[in-house]
Structures are given as structure tokens and as C-alpha cells.
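Below: the structure, in C-alpha cells.
The residues of the chain are indexed from 1 along the displayed sequence.
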Amino acid sequence: ITLGVAVLIIVMSVMNGFKNDLTKKILGLNPHVIIESNSFKIENEFIEKLKKKFQNINISKTYSGEGIVVNNGNAKGIIIKGVDTNNKESLGFLEQNISKGDLSKFQKNTAFIGVELAFNLDIEIGDKINLMSSAFVTTPFGGLPKQETFTVTGIFNTGFYEFDQNFVFLNLSDALSIFDKEEHDQNLEIYLSNPIKADSYKNQIQK
């Protein structure tokens, strides 16, 4: 009986610990509520209104889209995500998962990439990468994908292979530029102290 109870307690402890760790990592990689512009303008007045009504939430400006990274003749489809570097909370994810580089150098025309992407494309700190977005610019030769060059100032490692090989983080202004968007086209990411209540917050915000 003692052995059986001990095994049961150990198994339950291990599984609960694994569940909590996995949940924490997954929720740490993704916002709990996302507000997208969808052709509407997200003004600062709206953001301040949210902060006053929900004082226990963290709001971060962001913009994401699909793109391609090119380095030394190698190309890889990625997700480009712009973050507000003026908001310390927005940089919390990179600060917790940074593997190489300096977060203080994450400024305009620089990029943070995942460790798996860096390995696959043989990229080191200080290297320059060429990013192409899904936005097209008109030229005498027709429409071409908009592309810009960025310097890699940091490499992050979340422990999730798919995330570490598919995400590139840029300054928010750089992300809006490469997708040919304006400031009012940005999205809002909301992080809650209790993610389980995300649906409740979403319903209140929609009203």
C-alpha cells in the first residue's frame, strides 16, 4: 500500500509539474487577448480608456505578418513580429529567453531571431539579413515584395523548435514600414494576470 501510494504521488507530482511548466511556456509565447484594427483606427485614446477600465492588464502595441528571410543565398519563410521597444513589458519575452546579444541594442534597423533559425541559416550576432514581406511596391518592372536589411543584435531560445525557427522580432516602426502600414494599423496584445479569464475580458472589450 505504501509503495502504491508513493508511486501515485510521484506520478501525479511529475505530471502536474510538467503541465504547469508547459502551460506557462505556451502562455508566455502568446498574448491572452489580441485586438486587431481590421480597417479601423486604434487611437491612443482607446488604449488609455482600456487602461483605466482594466487596471490589472498589460497592453502592448504590435504588428505581425508573413515574410521571407534571406541570408547567404538561403531563404526561409517566417513570421515577422514588430514590438514596441519603448514598453518594457513588451520586451519581457525577449529578456527572459535571450541566448546571445544585447537587448539594449535592439533599436531601429535591428532584429532578434530564434536560435534554430540562426543555426539553419548560419547567422551570428552582427550579421545582416534581408527580410521580404508580403506587401508589394510598384516599380517600372511591376510589383515586387518590399524588402529591407536588418542587423541581428540578438538570438533568443524558447525551447520550442517551431517558434525558434519561424519568428523574427523587429522594432514596431520597422515592422510597420516593411509591411507598408501606418501607426493606426497596429494591433494591441493584452496580457492578463489570470489568462483563464481571457474570454471574460474579450467580451467586455467587445462591448
Side-chain angles (χ1 to χ4, degrees), residues 24-31 34 58 60-183 185-189 191:
K24 184 178 179 181
K25 280 194 172 184
I26 292 176
L27 291 177
L29 300 179
N30 298 285
I34 301 176
N58 174 44
S60 174
K61 299 177 182 178
T62 183
Y63 190 85
S64 302
E66 297 178 347
I68 298 175
V69 56
V70 180
N71 183 64
N72 296 327
N74 298 317
K76 172 77 171 62
I78 55 165
I79 300 296
I80 300 173
K81 182 171 183 176
V83 295
D84 183 8
T85 54
N86 295 321
N87 184 350
K88 292 184 179 180
E89 298 294 337
S90 301
L91 300 177
F93 165 81
L94 294 176
E95 187 175 11
Q96 294 172 9
N97 296 284
I98 188 170
S99 176
K100 295 180 182 178
D102 187 355
L103 194 59
S104 64
K105 296 181 180 179
F106 184 35
Q107 301 170 355
K108 193 172 179 60
N109 298 323
T110 64
F112 257 69
I113 66 174
V115 63
E116 297 295 340
L117 181 62
F119 176 79
N120 292 337
L121 299 183
D122 192 24
I123 299 173
E124 295 290 342
I125 299 296
D127 289 350
K128 293 186 180 297
I129 57 175
N130 190 24
L131 297 183
M132 291 188 292
S133 75
S134 54
F136 282 77
V137 292
T138 303
T139 70
F141 304 100
L144 294 175
K146 192 171 184 180
Q147 54 183 310
E148 297 180 12
T149 301
F150 299 90
T151 302
V152 176
T153 56
I155 297 175
F156 62 86
N157 184 4
T158 65
F160 285 90
Y161 178 80
E162 293 294 331
F163 196 95
D164 291 340
Q165 75 163 343
N166 290 310
F167 271 80
V168 171
F169 286 84
L170 301 179
N171 187 292
L172 179 58
S173 60
D174 288 332
L176 291 173
S177 173
I178 198 172
F179 286 104
D180 199 24
K181 297 292 183 180
E182 301 294 334
E183 185 177 353
D185 294 316
Q186 65 195 2
N187 301 324
L188 299 181
E189 291 184 349
Y191 294 86

As an exercise, state the distance from [atom1] of [X] to [atom2] of [Y], rounded to the nearest 0.5 Å.
| X | Y | atom1 | atom2 | answer |
| --- | --- | --- | --- | --- |
| Ile34 | Thr62 | CD1 | OG1 | 8.5 Å |
| Asn109 | Phe150 | CG | CZ | 6.5 Å |
| Thr153 | Phe112 | OG1 | CZ | 5.0 Å |
| Ser133 | Leu176 | OG | CG | 11.5 Å |
| Asn71 | Asn130 | CG | CG | 9.5 Å |

Taking C-beta and beyond as the side chain, do [X] and [Y] meet within less than 4.5 Å on heavy atoms?
| X | Y | result |
| --- | --- | --- |
| Phe167 | Ile78 | no |
| Asp164 | Phe119 | no |
| Val83 | Phe106 | yes |
| Gln107 | Thr85 | no |

Candidates Asn72, Thr151, Val152 - the one meeting side-chain contact (heavy atoms from CB on, under 4.5 Å) with Ile129 |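 Exactly one option meets the side-chain contact (heavy atoms from CB on, under 4.5 Å) with Ile129, and it is Val152.
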Phe169 ring center within less than 6.0 Å of Phe156 ring center |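 Yes - the distance between ring centres of Phe156 and Phe169 falls below the 6.0 Å cut-off.
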Can you name the closest pair of heavy atoms from [X] and [Y] and give their distance?
| X | Y | value |
| --- | --- | --- |
| Ile68 | Ala75 | CG2-CB, 4.1 Å |
| Gln186 | Tyr63 | CA-CD1, 4.1 Å |
| Leu131 | Ile178 | O-CD1, 3.5 Å |
| Ala175 | Gly82 | CB-CA, 3.5 Å |
| Ala111 | Val168 | CB-CG1, 4.1 Å |
| Lys128 | Thr149 | CB-CG2, 4.0 Å |

Any chance you could lay out the side-chain contact (heavy atoms from CB on, under 4.5 Å) test for Ile80 and Phe179, step after step, and finish with the verdict?
-> CA-CA 10 Å; Ile80 300 173; Phe179 286 104; 3.9 Å; yes
Side chain to side chain donor-acceptor pair (under 3.5 Å) assessment of Lys76 paired with Asn166 = CA-CA 8 Å; Lys76 172 77 171 62; Asn166 290 310; 2.6 Å; yes
Thr158-Asn97 side chain donor-acceptor pair, cut-off 3.5 Å |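 Per modelled atom types, Thr158 and Asn97 side chains form no pair under 3.5 Å.
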Does Glu183 CD have over 12 foreign heavy atoms under 6.0 Å away?
->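 No, the 6.0 Å shell around CD holds no more than 12 heavy atoms from other groups.
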Donor-acceptor pair, distance only, cut-off 3.5 Å: does the side chain of [X] make one with the backbone of [Y]?
| X | Y | result |
| --- | --- | --- |
| Asp174 | Lys108 | no |
| Asn120 | Leu117 | no |
| Lys146 | Ser177 | yes |
| Asp84 | Asn86 | yes |

Step by step, would you call Ile79 with Glu66 a side-chain contact (heavy atoms from CB on, under 4.5 Å)?
-> CA-CA 5 Å; Ile79 300 296; Glu66 297 178 347; 3.9 Å; yes
Run the side-chain contact (heavy atoms from CB on, under 4.5 Å) check on Val70 and Met132 step by step: do they pass?
-> CA-CA 8 Å; Val70 180; Met132 291 188 292; 3.9 Å; yes
Working for side-chain contact (heavy atoms from CB on, under 4.5 Å), residues Ile113 and Leu121 | CA-CA 11 Å; Ile113 66 174; Leu121 299 183; over 6 Å; no
